[in-house]
Amino acid sequence: MNHWDGTFEIGAEATTDDEQSRKMDLDRATLSRRQLDETQQSWLLAGPQESKKKDKDVDLGCLIVKPKLLKWILYAFLFSFVVSAVPITIAKPIPKHRKPPPDQYSQALHKALMFFNAQKSGRLPKNNRVPWRGDSALSDGSTLNDVKGGLVGGYYDAGDNIKFHFPMAFSMTLLSWSVVEYSDKYKDLGEYEHVRDLIKWGTDYLLKTFNSSATTIDRIYSQVGVATNGSTTPDDHYCWMRPEDMDYPRPVMIANSAPDLGGEVAAALAVASIVFHDDAAYSKKLLRGAAAMYKFARDPRRRTPYSRGNLATELFYNSTGYWDEYMWSAAWMYYASGNDSYARFATNPRLPKNAKAFMQIPNLGVFSWDNKLPGAQLLLTRLRLFLNPGYPYEETLSRYQNATGLNICMDLQRFNIFNYTPGDNPLKMSYVVGYGNKYPRHVHHRGASIPHNGVKYSCTGGYKWRDAKTDNPNTIIGAMVGGPDRNDHFPDVRTNYGYTEPTMAGNAGLVAALISLTTTTGSAGIDKNTIFSAVPPMYSASPPPPAP
């Protein structure tokens with residue numbers, strides 16, 4: 001820095017040799033009148049001192065040089081050595097930039113994602129990374145005339161071999177939401193492409209469950225495989241078989257009315273279109289399918305829940321309503337398309353009234369495959385906080401924000417709304433398989449419990465493995481089981497499915513929680529640019545349309 005003003009340029013003021021000499025003489029004269037201390041004398045550059053006797057030349061054999069020149073050569077050599085060597089010496093002890101060691105949430109996340117690889121149905125990719133799984137259910141839906149190639153693919157829901165499309169779609173919605181929010185974290189952990197492959201495996205299958213190339217549809221396939229309680233004929237509960245060995249009929253369920261299932265499938269495809277924004281063709285395909293499915297779900301002539309009257313579904317994934325799916329899907333359709341008609345419907349006061357959104361019913365504060373209300377209200381709260389759209393959305397959005405705050409408070413233990421286990425994990429048990437040293441060894445899961453030894457066990461021949469006291473021969477890494485009861489008791493018994501069975505929806509929620517908690521060098525918060533990438537500025541002052 002130049003503390004004395006003036007220019008830093010060397011040639012700014014030309015001076016003659018005589019003028020420069022006079023200045024130097026003046027400087028010496030001025031300094032000679034002051035008594036200098038030792039430090040000042042040692043650092044003072046007052047010009048060359050006059051020698052009392054003439055220095056002799058130095059003979060280097062082939063070269064004769066002046067002593068002063070030799071001295072400067074030595075100084076230059078020393079200086080170049082210091083300049084080159086010192087930085088190297090200093091840099092060596094400094095560790096290279098490395099990613100921080102994975103925290104416990106990261107370690108659990110890697111495993112939790114692997115569960116989805118173990119649940120894949122259809123013709124598996126070579127990189128599936130689960131050695132005891134193979135191709136399965138290649139004839140699913142092969143008799144359907146309107147589905148080219150049948151309903152091959154997708155995911156098995158839990159420890160059985162049924163493909164329930166309602167929780168499958170919800171699981172894909174959750175995984176996609178977690179990627180939209182935390183893509184940088186997934187990239188830092190090396191899981192970005194993996195989780196996208198898992199999502200695409202699900203969305204590719206969901207696109208097969210209806211005519212995704214049409215703009216208007218009249219049905220959706222809701223399930224593959226059935227189970228009947230107390231049945232004595234081969235089905236997906238009566239038989240205990242690896243999915244690769246199934247040889248019994250697998251009926252396909254169809255729904256001509258599905259406001260709930262249709263809303264969830266629309267939401268899954270819409271948010272996945274944001275995940276795959278870098279693949280324009282696939283993203284457009286997903287959004288087109290989402291629009292057709294949303295239209296089907298909102299059809300006023302088709303308002304009967306998809307599971308009503310269907311015992312094959314009703315006993316397992318019965319839907320208790322569809323207004324929450326309307327709110328949920330409308331929010332995701334708006335985020336994916338930027339079409340404000342979806343936002344206007346999501347904020348129409350009649351919608352939260354029909355969904356009982358502001359009644360503070362405790363059960364409606366629990367986010368699940370059947371109740372999307374808390375998630376939908378959170379999404380719409382974010383709309384208010386980040387985009388502040390104003391009229392005519394503000395009043396309803398502010399109430400969604402208030403309801404979201406109350407939902408969070410209800411989860412706090414001091415309010416005694418829900419049951420909590422009393423101890424700090426007294427069994428010291430990990431309920432995620434493969435995490436830590438102590439975890440469930442008798443998971444209620446057909447594929448994990450039967451050896452992968454080239455032997456095909458019959459429908460009832462697998463019972464010996466189901467009822468065995470020995471550990472599962474195959475470790476289903478990352479599966480989160482049902483867990484302990486309210487008193488922290490956990491019977492690790494294969495037939496106690498309430499405790500030892502994992503589910504897709506459960507693991508999807510686990511993944512979403514883990515990625516939000518993990519520490520990486522990437523973004524600590526959400527990726528607002530991604531989640532709002534399709535949303536234009538909202539200045540519309542037109543009133544919202546009536547909600548049917």
Side-chain angles (χ1 to χ4, degrees), residues 102-120 129-130 132-133 155-162 164 166-168 170-179 182 186 189 191 194-195 198-199 202 316-317 366-370 375 411 418-421 423-449 471-472 474-486 488-518:
D103 57 23
Q104 291 181 318
Y105 298 121
S106 301
Q107 296 171 26
L109 176 71
H110 293 306
K111 298 182 184 298
L113 286 170
M114 283 297 295
F115 171 73
F116 293 90
N117 293 71
Q119 295 301 100
K120 284 182 177 178
R129 296 188 284 177
V130 182
W132 48 271
R133 282 301 325 278
Y155 291 95
Y156 300 116
D157 176 65
D160 51 36
N161 299 331
I162 303 177
F164 291 105
F166 194 34
M168 186 192 302
F170 175 68
S171 301
M172 294 305 104
T173 307
L174 277 190
L175 289 183
S176 294
W177 188 3
S178 74
V179 174
Y182 300 109
Y186 275 114
L189 295 171
E191 291 285 6
H194 182 203
V195 71
L198 296 177
I199 294 168
F316 306 102
Y317 284 102
V366 180
F367 188 47
S368 71
W369 58 265
D370 183 39
D411 287 334
F418 303 109
N419 291 319
Y420 285 82
T421 52
D424 183 14
N425 193 8
L427 297 178
K428 305 304 177 187
M429 171 80 76
S430 165
Y431 296 102
V432 176
V433 177
Y435 181 78
N437 297 320
K438 187 178 181 182
Y439 51 83
R441 306 284 177 165
H442 306 87
V443 180
H444 182 95
H445 191 277
R446 286 159 173 76
S449 65
D471 295 352
N472 283 355
N474 308 310
T475 303
I476 183 164
I477 294 175
M480 183 179 71
V481 299
D485 62 18
R486 67 179 63 185
D488 269 319
H489 297 146
F490 178 74
D492 188 7
V493 179
R494 198 172 291 114
T495 53
N496 283 354
Y497 55 85
Y499 297 90
T500 59
E501 186 172 21
T503 65
M504 279 195 70
N507 257 70
L510 174 65
V511 166
L514 290 172
I515 192 63
S516 70
L517 293 170
T518 189

Not counting sequence neighbours, which residues clear side-chain hydrogen bond (donor to acceptor under 3.5 Å, both in side chains) with [X]? List them please.
X: His110; result: Glu191
X: Asn161; result: none
X: Tyr435; result: none
X: Ser430; result: none

*With ring centroids as reference points, do Phe164 and Tyr317 lie under 6.0 angstrom apart?*
yes
Side-chain donor-acceptor contacts of residues 474-482 below 3.5 Å, not counting sequence neighbours, with atom names and distances?
{"residue": "Asn474", "atom": "ND2", "partner": "Gly447", "partner atom": "O", "Å": "3.0"}
{"residue": "Asn474", "atom": "ND2", "partner": "Ile450", "partner atom": "O", "Å": "2.9"}

Does the [X] side chain pair with the main chain of [Y], one donor and one acceptor, at a distance under 3.5 Å?
X: Thr518; Y: Ile515; result: no
X: Ser178; Y: Leu175; result: yes
X: Asp157; Y: Ile162; result: no
X: Asp488; Y: Gly423; result: yes

Mind listing the closest non-hydrogen atom pair of [X] and [Y] along with its distance?
X: Pro502; Y: Ala158; result: O-CB, 3.1 Å
X: Tyr155; Y: Lys120; result: CE2-CG, 3.7 Å
X: Leu510; Y: Ala112; result: CD2-CB, 3.8 Å
X: Ala508; Y: Phe116; result: N-CZ, 3.7 Å

_Pairs flagged by side chain to side chain donor-acceptor pair (under 3.5 Å) wherever residues 494-508 is involved - sequence neighbours left out_ = Asn472-Arg494
*asked:* Going by salt bridge (charged side-chain N to carboxylate O under 4.0 Å, His left out), name the residues that satisfy it together with Arg133, two or more places apart in sequence or in a different chain.
replied: Glu244
*Leu174 side chain near Val511 side chain, heavy-atom distance below 4.5 Å*: no
*asked:* If the condition is side-chain contact (heavy atoms from CB on, under 4.5 Å), which residues does Ser368 pass it with, not counting sequence neighbours?
replied: Asp370, Asn371
_Residue list, ring pair (Phe, Tyr, Trp, His ring centres under 6.0 Å) with Phe170, at least two apart or on another chain_ = Phe367
*Please name all residues satisfying ring pair (Phe, Tyr, Trp, His ring centres under 6.0 Å) with Tyr105, sequence neighbours left out, ordered by chain then number.*
none
